[in-house]
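Working notes, beginning with the structure itself.
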Amino acid sequence: MKNILIATDGSEPAQQALEVAIDLAKETGAALHVLSVRPPRVAGRGGAGAPILEVEEFDGPEHIAEAAAAHAREAGLEVTPHATHGDVVDCIASAATSLGADLLVVGSRGLGSLSGAVLGSVSHALVRKSPVPVTIVRHAAVHAAAAS
Amino acid sequence: VHVESGKPMVLCYDGSDDATNAIAVARRLFPGRRAIVVCAWEPFLPIYTGYPGWPVTGDEPMKDNAVRLAEEGCERAGAAGIEATPVVVEADDGVARAVLAVADDMDAGVIVMGTRGLTGLRSVVLGSVSHEVVQHARRPVAIVPSAALADARKSARRRRA
């Protein structure tokens with residue numbers, strides 16, 4: 001395995017996915033690519049209103065990708081940050097192709113015990129669209145690991 | 001969450017080309033890791049057993065097939081250079097739950113599945129097993145697209161680029 005692509009929006013599940021990607025890169029000697037995507041503004045979310053998430057800020061993805069890359073570099077890895085804007089799933093799947101990624105790693109909120117929310121829509125869509133294998137790191141796993 | 005290198009990977013195997021491809025890809029993605037090849041079989045509903053003219057009685061044929069598949073999966077893993085152990089489980093609460101239970105028992109570092117997932121009565125919907133595994137897993141899950149699917153998706157992306 002030569003290249004691992006980790007997609008992050010700076011959220012807690014994405015942080016967990018980054019840790020897994022770092023582990024795998026260390027284990028295999030693969031180079032790490034960190035991608036953050038600024039999604040298009042959605043009608044009904046205030047149009048051109050103030051960003052709600054950091055990733056929605058104009059230079060948010062650059063900051064998020066660079067912060068994640070800096071964290072991975074502390075582990076002694078070769079890391080390249082990437083930032084772009086557009087449809088999140090499309091951008092990630094395209095980057096996996098253009099960067100020649102062998103593996104894509106993403107986080108997922110998974111099933112919330114209270115909310116009953118379903119698998120994160122981005123990770124689910126990536127399973128259907130990614131040209132390379134996808135490793136999904138479910139956020140709830142953190143609580144299980146902490147409890148054991 | 002960490003993928004500890006000492007922990008085994010769980011390989012879901014159903015004898016399909018997709019599952020075989022997933023084994024080969026797992027060798028590349030998680031080199032040096034030992035594997036547990038899981039094959040789950042779903043028990044027949046009691047209503048079908050012993051029905052006159054029905055070719056099978058009881059679950060033995062299903063179970064035997066699963067045992068054979070698990071061994072075949074291990075052979076393929078071995079041929080790919082993976083040290084593998086077969087595990088056969090009765091999936092009385094669905095294939096996904098059975099796979100997850102094995103992964104928990106073995107404290108697997110990662111679960112690897114082909115896009116199509118496993119065969120079985122409840123997995124007729126494409127990818128439903130892998131979907132369920134991802135939703136409930138307490139560890140990372142790697143979903144591997146079939147070689148044909150990966151090629152088609154890659155060339156579609158390149159055409160658009």
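Chain letters run A, B, ... following the sequence lines, proteins first, then strands; residues in each count from 1.
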Pair B/E90-B/M62, side chain to side chain contact (heavy atoms under 4.5 Å, CB included): steps then yes or no: CA-CA 10 Å; B/E90 177 179 347; B/M62 307 280 289; over 6 Å; no
Pair B/D92-B/R97, salt bridge (charged side-chain N to carboxylate O under 4.0 Å, His left out): steps then yes or no: CA-CA 9 Å; B/D92 49 9; B/R97 298 279 175 179; over 6 Å; no
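With a threshold of 4.5 angstrom between heavy atoms, A/K26 does not approach chain B through any atom at all. Looking at B/R153, the atoms closer than 4.5 Å to chain A (heavy atoms on both sides) sit in the backbone and in the side chain alike.
For the set A/V127, A/L103, A/T28, the entry with the most heavy-atom pairs within less than 4.5 Å of chain B is A/V127. In terms of non-hydrogen atom pairs under 4.5 Å with chain B, the most contact-rich of A/D102, A/V132, A/D90 is A/D90. Among B/K154, B/R28, B/R158, the residue making the largest number of heavy-atom pairs under 4.5 Å with chain A is B/K154.
A/E66 and A/R73 are joined by a salt bridge, as a carboxylate oxygen and a charged side-chain nitrogen come within less than 4.0 angstrom of each other.
Surrounding CD of B/E83 are at most 12 heavy atoms belonging to other residues, nucleotides or ligands under 6.0 Å away.
Taken together through direct or relayed side-chain contacts under 4.5 Å among Ile, Leu, Val, Met, Phe, Trp and Tyr, B/L149 and A/L5 form parts of separate hydrophobic clusters.
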